[in-house]
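Below, all heavy atoms of this structure are taken into account, side chains as well, without hydrogens, waters or symmetry copies. Nothing here was measured: the structure is a model prediction, and the numbers come from that model.
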Amino acid sequence: MAGDRAVQHNLEAAWPADLPAGDERKLLAAGRALLRADATGAGRAKWPSIFGDPHRALAPAFATARFRIQAAIARRDKSPDTAVVHLVWAGMDRGGTFTDLRVTDWFFTRTSKKGAATWTAQPRTSQAGPRVWPPVR
């Protein structure tokens with residue numbers, strides 16, 4: 001945990017901010033929630049377009065108690081209406097192996113509804129879905 005601040009600093013230095021602060025805050029909150037739901041299973045029902053049927057039982061890959069996000073940034077992707085949330089995280093898998101510095105990217109598209117901009121996470125089936133390294137099996 002002591003190195004998390006350095007990881008965050010290195011991410012920010014390598015990839016300078018390019019989004020309005022409000023968009024960045026919203027994207028970071030959504031990206032963190034998506035990653036937590038994906039890795040631990042907690043909160044998947046909030047994201048049915050990403051995780052499918054919330055009543056379908058899937059064993060989470062990581063224990064909630066042994067999961068933490070080490071660093072996160074939200075940046076513009078290929079256009080002003082697309083963004084990526086880049087997360088570095090640590091967790092203990094079901095087999096008891098603890099690994100840190102895992103990387104996951106979540107991609108978002110900005111849409112407008114009634115004049116208000118909304119960032120929408122892209123489902124896994126799209127090319128803009130999350131990329132996890134190392135792969136979780």
Side-chain angles (χ1 to χ4, degrees):
M1 289 176 77
D4 291 358
R5 198 172 310 178
V7 175
Q8 181 69 40
H9 174 75
N10 288 339
L11 264 181
E12 291 170 354
W15 201 351
D18 60 1
L19 288 166
D23 284 343
E24 186 173 8
R25 277 191 303 277
K26 289 175 189 174
L27 287 162
L28 285 171
R32 286 180 174 117
L34 277 163
L35 176 57
R36 184 169 303 282
D38 189 29
T40 69
R44 285 185 182 166
K46 182 179 176 185
W47 308 94
S49 65
I50 303 295
F51 299 112
D53 182 3
H55 297 77
R56 193 174 118 207
L58 290 175
F62 293 87
T64 304
R66 298 289 299 174
F67 170 86
R68 82 175 188 282
I69 296 172
Q70 297 176 277
I73 58 172
R75 299 296 186 255
R76 194 163 292 184
D77 194 25
K78 297 173 183 158
S79 77
D81 290 326
T82 60
V84 59
V85 176
H86 187 75
L87 301 118
V88 180
W89 56 283
M92 182 179 290
D93 65 24
R94 291 185 304 243
T97 302
F98 183 84
T99 307
D100 64 346
L101 301 176
R102 291 178 175 268
V103 176
T104 298
D105 289 335
W106 285 100
F107 294 86
F108 292 81
T109 301
R110 181 178 15 218
T111 56
S112 291
K113 292 182 183 177
K114 298 181 182 179
T118 303
W119 288 99
T120 304
Q122 298 303 297
R124 293 173 190 249
T125 56
S126 79
Q127 289 183 342
R131 292 180 225 152
V132 178
W133 187 260
V136 177
R137 298 193 196 284

Enclosure of Arg68 CZ (heavy-atom neighbours >12, cutoff 6.0 Å):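 More than 12 heavy atoms, drawn from other residues, nucleotides or ligands, come within 6.0 Å of this atom.
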Checking side chain to side chain contact (heavy atoms under 4.5 Å, CB included) between Phe108 and each of Asp81, Leu34, Thr118, Thr82, which is the one that passes? Leu34
Within a strict 4.5 Å, meaning less than it, do heavy atoms of the Phe67 and Leu35 side chains meet?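 Yes, at least one pair of side-chain atoms sits under 4.5 Å.
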Is there a side-chain contact between Val84 and Trp15 (heavy atoms, below 4.5 Å)?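 In short, these two side chains touch, coming nearer than 4.5 Å.
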Main-chain N/O of [Y] paired to [X] side chain as donor or acceptor, under 3.5 Å:
{"X": "Glu24", "Y": "Arg75", "result": "no"}
{"X": "Thr97", "Y": "Asp93", "result": "no"}
{"X": "Asp18", "Y": "Arg76", "result": "yes"}

Measure the [atom1]-[atom2] distance between [X] and [Y] for me, rounded to the nearest 0.5 Å.
{"X": "Lys46", "Y": "Arg36", "atom1": "NZ", "atom2": "CZ", "value": "12.0 Å"}
{"X": "Ile50", "Y": "Trp106", "atom1": "CD1", "atom2": "CH2", "value": "5.5 Å"}
{"X": "Leu87", "Y": "Leu28", "atom1": "CG", "atom2": "CG", "value": "7.5 Å"}
{"X": "Arg32", "Y": "Thr104", "atom1": "CZ", "atom2": "OG1", "value": "13.5 Å"}
{"X": "Gln70", "Y": "Trp89", "atom1": "CD", "atom2": "CH2", "value": "10.0 Å"}

Indicate the atoms forming the closest heavy-atom contact of [X] with [Y], along with that distance.
{"X": "Ser49", "Y": "Pro123", "result": "O-CB, 3.6 Å"}
{"X": "Ala72", "Y": "Leu11", "result": "N-CD1, 4.1 Å"}
{"X": "Ala74", "Y": "Leu27", "result": "CB-CB, 3.8 Å"}
{"X": "Asp105", "Y": "Phe107", "result": "CB-CE1, 3.8 Å"}
{"X": "Gly31", "Y": "Val85", "result": "CA-CG1, 4.0 Å"}
{"X": "Ala37", "Y": "Trp47", "result": "CB-CD1, 4.3 Å"}

In one Ile/Leu/Val/Met/Phe/Trp/Tyr side-chain cluster, 4.5 Å: Met92, Leu101: no
